[in-house]
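Worksheet: the structure to be examined is printed underneath.
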Amino acid sequence: MTQRGRKSAASLESVVLPHARQAPPPKELTEAAATLWNDIVKSQPVDYFRPGDLPLLQAYCTSHDRKNQ
């Protein structure tokens, strides 16, 4: 039998979504740009970036890497 009513905060914290994962860096990025990508992606919740955000993030990482070269 399932519990009725609201779930406790403790029970909600233990929910793990197996399909949720962080976006890997594109293969076209240099090592430095990929490192920046990973740093940015890991600093946000897993569901923070939408698919439409990823090309912009890639452009930012590439631009930042070129600036530093």
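Looking at residues two or more places apart in sequence or on another chain, you find no side chain to side chain donor-acceptor pair (under 3.5 Å) involving D47. Under the side chain to side chain contact (heavy atoms under 4.5 Å, CB included) criterion, F49 pairs with I40, V41, Q44, D53, L54, L57, sequence neighbours left out. In this structure S63 satisfies the side chain to side chain contact (heavy atoms under 4.5 Å, CB included) test with no other residue, sequence neighbours excluded. Listed by chain and residue number, P26, Q58 satisfy the side chain to side chain contact (heavy atoms under 4.5 Å, CB included) test with E28 (two or more places apart in sequence, or in another chain).
Contacts classified as ring pair (Phe, Tyr, Trp, His ring centres under 6.0 Å) and involving residues 21-48 (residues at least two apart or in different chains) are not found.
Of all non-hydrogen atoms in D65 and A33, the two that sit nearest each other are CB-CB, 4.0 Å.
One distance of note links NZ of K27 with CG of L29; it measures 11.0 Å at 0.5 Å rounding.
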